[in-house]
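A short write-up of the structure that comes next.
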Amino acid sequence: MDSEQLREYGHRMVDFIADYYKTIEDFPVLSQVQPGYLHKLLPDSAPDHPETLDQVLDDVRAKILPGVTHWQSPSFFAYYPSNSSVAGFLGEMLSAGLGIVGFSWVTSPAATELEMIVLDWLAKLLNLPEQFMSKGNGGGVIQGSASEAVLVVLIAARDKVLRSVGKNALEKLVVYSSDQTHSALQKACQIAGIHPENCRVLKTDSATNYALRPELLQEAVSRDLEAGLIPFFLCANVGTTSSTAVDPLAALGKIANRNEMWFHVDAAYAGSACICPEYRQYIDGVETADSFNMNAHKWFLTNFDCSLLWVKDQDSLTLALSTNPEFLKNKASQANLVVDYKDWQIPLGRRFRSLKLWMVLRLYGSETLKSYIRNHIKLAKEFEQLVSQDPNFEIVTPRIFALVCFRLVPVKNEEKKCNNRNRALLDAVNSSGKLFISHTALSGKIVLRCAIGAPLTEEKHVKEAWKVIQEEASYLLHK
Ligand code: PLP
């Protein structure tokens, strides 16, 4: 590492990125390239000799940026946005600069201890029960993604139940979730060896706005118990991926607790909103959960990746995930004086990710973060109002946070044609390059999703997005 080169190149790279943000609105939000475009532009093998930073940056401009979908564009409304901020970016930089690998406490004590402290801070902001904090047997850990979070708790729960009923019972273990649960759970079940026939995907519908009905869970659990199976894991959602449905945690948790099942709450998207007192109600009942997850990289100004997982019983995690090879032994770990996060996750190595969350919390403060969330929700309300004033459109599910689910209404009750028309509208809007929205299906209906949550989005971008959607719709309807 040549410090002077870092200084010179680093300043130039920051300038490059700052200029990118200045001109971000000039790019088509959704990349318009065709598959394989980059193979045609880059050589077949790596260079034998060094090239200059100018050469590389020229290629970034000419060849890479056309193939980038601009997630940080103020007109990015697809999926759930993934936030970047100055504080998050600086934290990432510092983490890369220090270049540590903090798998055990001893490999960088500050990395472990800052992670514990910052997750306690956030648990306090979310008003999570004390059992999720690091004082007792609980605590928080940063995972790369919500998918990793659900996988590690599923494995912890699996091993916990197998320790009591015997290893041969794996085939009998049953997992429960609603049909709105993210496919991350299905993947976790595949990896954890849960029998595919033992994954109960419970039906939801518009009557509960796609929230899981506790009575359906109770019926399924009773049926499985009668059949000699072992219910062991429930995943509930606060803010589903398709439509931000909120499952009734307290009622579901009661059933899970009564049946000694592990209860995981996936609040990957909506967890951030729950730092605002007026949205905290959506996680009421979290005290009955064993684990709780939110992605700070979605809606909390923290650059990807930073998925926060809290558990009440860290022993369940470490019993399932710890290894203790000779080459990693050290006094602090052997004396059981410290947390070694390698035992709370799948990989060994881990980055110093708490730095960026710490910087976000310190450089912005929780009141700014609350205003940030509230502003997006206000913009989403405005978008919802615009949609509902247009007779060609309808709101499909009531908006709770900053996602609006809407669609073109069917003409003469022709649902199938209506789905095709909504797909055509989605394509037309996204090919315009002026904004990017995504879609889902609810009760067989193709639904358009406008998720407001990119840090640079202002009222004018929301209004402009609606104008483009209306124009494209009008063109389609009169074709
Ligand atoms: N859970 C929910 C509710 C989500 O919305 C998402 C992604 O959008 C996920 C899980 C998966 O997230 P990740 O990409 O962090 O694995």
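We count residues from 1, following the sequence as given. All figures in this text were calculated on a predicted structure; none of them were measured in a lab. All ligand and atom numbering here is 1-based and tracks the order in the structure.
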Checklist entry - Does a side-chain heavy-atom distance below 4.5 Å link His297 with Leu308? => result no
Next on the checklist: I'd like to check which ligand 1 atoms, numbered from 1 as shown, lie under 4.0 Å from a non-hydrogen atom of Tyr80.
Outcome noted: 5 (O)
Next on the checklist: Could you tell me if Asn198 and Tyr176 have a donor-acceptor pair between their side chains, going purely by distance under 3.5 Å?
Outcome noted: no
Item to check | Part of Asn295 with heavy atoms under 4.0 Å of ligand 1, whether side chain, backbone, both or neither | outcome: side chain
Checklist outcome for this item: Within the 4.0 Å heavy-atom cut-off, what Ala184 brings close to ligand 1 is neither
Checklist entry - Does ligand 1 have any atom sitting under 4.0 Å from a heavy atom of Tyr269? => result no
Next on the checklist: With a cutoff of 4.0 Å, is Gly239 in contact with ligand 1, counting heavy atoms of the residue only?
Outcome noted: yes
Next on the checklist: Considering both backbone and side-chain atoms of Lys298, is one of its nitrogen or oxygen atoms within less than 3.5 Å of a nitrogen or oxygen in ligand 1?
Outcome noted: yes
Checklist entry - Taking the six-membered ring for Trp, are Trp344 and Tyr341 parallel (under 30°), tilted (30 to 60°) or perpendicular (over 60°)? => result perpendicular
Item to check | ligand 1 contacted by Glu148 (non-hydrogen, < 4.0 Å) | outcome: no
Checklist entry - Do Asn293 and Ser307 have a side chain donor and acceptor closer than 3.5 Å? => result yes
Checklist entry - Has ligand 1 got any nitrogen or oxygen that is less than 3.5 angstrom from a nitrogen or oxygen of Ser147? => result yes
Checklist entry - Can you tell which of Thr244, Asn237, Thr181, Asp266 gets a heavy atom nearest to atom 1 (N) of ligand 1? => result Asp266
Checklist entry - In terms of side-chain geometry, is the basic nitrogen of Glu130 or Lys135 positioned less than 4.0 Å from the acidic oxygen of its partner? => result yes
